[in-house]
Every structure is written in C-alpha cells, then in structure tokens.
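Worksheet: one structure, shown below.
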Protein chains: 2
Amino acid sequence: MDQIARTTKDLGHILRAARRAQNLTQADLAARAGLWQRTVSMIETSASGAKVETVFDLLAALDLELHIVPRSKMSRDDLEDIF
Amino acid sequence: MDQIARTTKDLGHILRAARRAQNLTQADLAARAGLWQRTVSMIETSASGAKVETVFDLLAALDLELHIVPRSKMSRDDLEDIF
DNA sequence: CAGATAAATGATCTGTAGATCATAAATCCG
DNA sequence: CGGATTTATGATCTACAGATCATTTATCTG
C-alpha cells in the first residue's frame, strides 16, 4: 500500500499527492522545506532532475520517509494472488 | 527490516552495503548503471550530493526499489517495544 | 612482503539545478 | 463571469554533478 518510485516522474506524482493530502500549496511546502515555489513545481512535474538533497528536504517537510527495499521482494498480497 | 534513508550519508551506506552484498566492485556497478567508478565512489561516500536520476540508476542496477512511506507510521515491532 | 585488485581522488569541461524576481497561465469559487 | 489563489514558466547567475582520463592510496591475497 505504500508508494513506490522508480522514476523521477513517479517521485513527482507522489510528492504532489502527499502535498495535496496535507492541504499545502507549493509555496507552503517550499517555505517549509527551505526551497522556492518554482523548484517545487519543477520537481512535481519532473521538469528537471532534482538533486537528492532537495528531495530529502521535501520528504522531511511532508513527514515522509525513504525506504530502500529489494525489488524482488513480494508482498503478502502478491503471493496470495499467485497461490 | 528494510533500510531507511534520511540523509545522503544513509543513502551512500545503503548503496555500498547492497553492492557488497552482491559482490560487485564500484567499477562493475558503474558499468551496469551506465556511470563511472568515480561517480559511484563519490555517492557511496556522500562526497557530493547526487542527482535523483543517478540514484535511480544505481538502485535499478542493484535491484532495489524506493518506497515512500509516512514517517510517523510505526512498525509492528516499534509498537511491541512500547506496549 | 609483493603484486594485484579495488577505491579514492586530482584536474578539466559541460550541463544543468536551484536561487531569485517577475509574470503568464490555470484553477477555484462565490 | 470575474477576481483571487495557485501553478507554470521566462531570464539570469552561480554552484556543483557527472563525464572523462589518469594517478594515488588502500585493501586483499597468495
């Protein structure tokens, strides 16, 4: 049920959804994260490949966390679908 | 049990550990990811703030996936520790 | 220890992210 | 519809990542 990002486009979508879920404008989020509205817009629309640091700033401002997991690892649900 | 990265330093450590677990040299990984040994070294030692795209390349080459989860979400284990 | 393999790092060059200010284009809402 | 709010973008400048080649420094291993 959690969000998986394989591309910067995924990342942008996830960040945008999270921001909206918290009723924040790009400007709000930018302020919280110490960035600029322009930058938030660019990242959400993946109009430019952000730097990792910047993404960490956004994630922190949104109370999100990055988990790194083996790609092959199947979820309980996946297994149930198969067996 | 999965790895959590909050900083580029965390990321570097996780990537290095994953690479070693798969018995790859920095040069091997660089080749797989279409990067340079120098770049892999820089990122693993967090000697420089990488770009997101580059990290995605490394994760893919290592068969790893990025999950984005709410920070506050506690694991079953955390709860057990408290209650 | 010596030789081999791996990792760190120097130097240069190009491309581009983010800062910054400003405005255009969308979207919302009464 | 029309005004307000939000998002997308234009332009410029600085900083720095990644490409590329080469070399030094660790780390292994027989």
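Just so we're on the same page: letters track the sequence lines, and every chain starts at 1.
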Estimated bend of the helix from C/dC1-D/dG30 to C/dG30-D/dC1 (axis per five terminal pairs, rounded to 10 degrees): 70°
Residue among A/Leu11, A/Ile14, A/Leu15 satisfying side chain to side chain contact (heavy atoms under 4.5 Å, CB included) with A/Gln3: A/Ile14
Point-to-point distance, once rounded to the nearest 0.5 Å, from CG of B/Leu24 to CG of B/Leu62: 6.5 Å
Electrostatic pair A/Glu65:B/Arg71 at N-O distance under 4.0 angstrom: no
Reading 5' to 3' through nucleotides 2-19 of chain C, protein heavy-atom contacts under 4.0 Å coded B for base, S for sugar-phosphate only, - for none: ----SBBBBB-----SSS
Same cluster (ILVMFWY, side-chain, under 4.5 Å), A/Met42 and A/Leu58: no
B/Thr25 side chain to B/Asp28 side chain, donor-acceptor N/O pair below 3.5 angstrom: yes
Side-chain donor-acceptor pairs under 3.5 Å in residues 29-38 of chain A, sequence neighbours left out?
from    : atom 1 : to      : atom 2 : distance (Å)
A/Arg32 : NH1    : A/Ala61 : O      : 3.1
A/Gln37 : NE2    : A/Gln26 : OE1    : 2.9

Spacing of B/Ser46 atom OG and B/Lys9 atom NZ [to the nearest 0.5 Å]: 5.5 Å
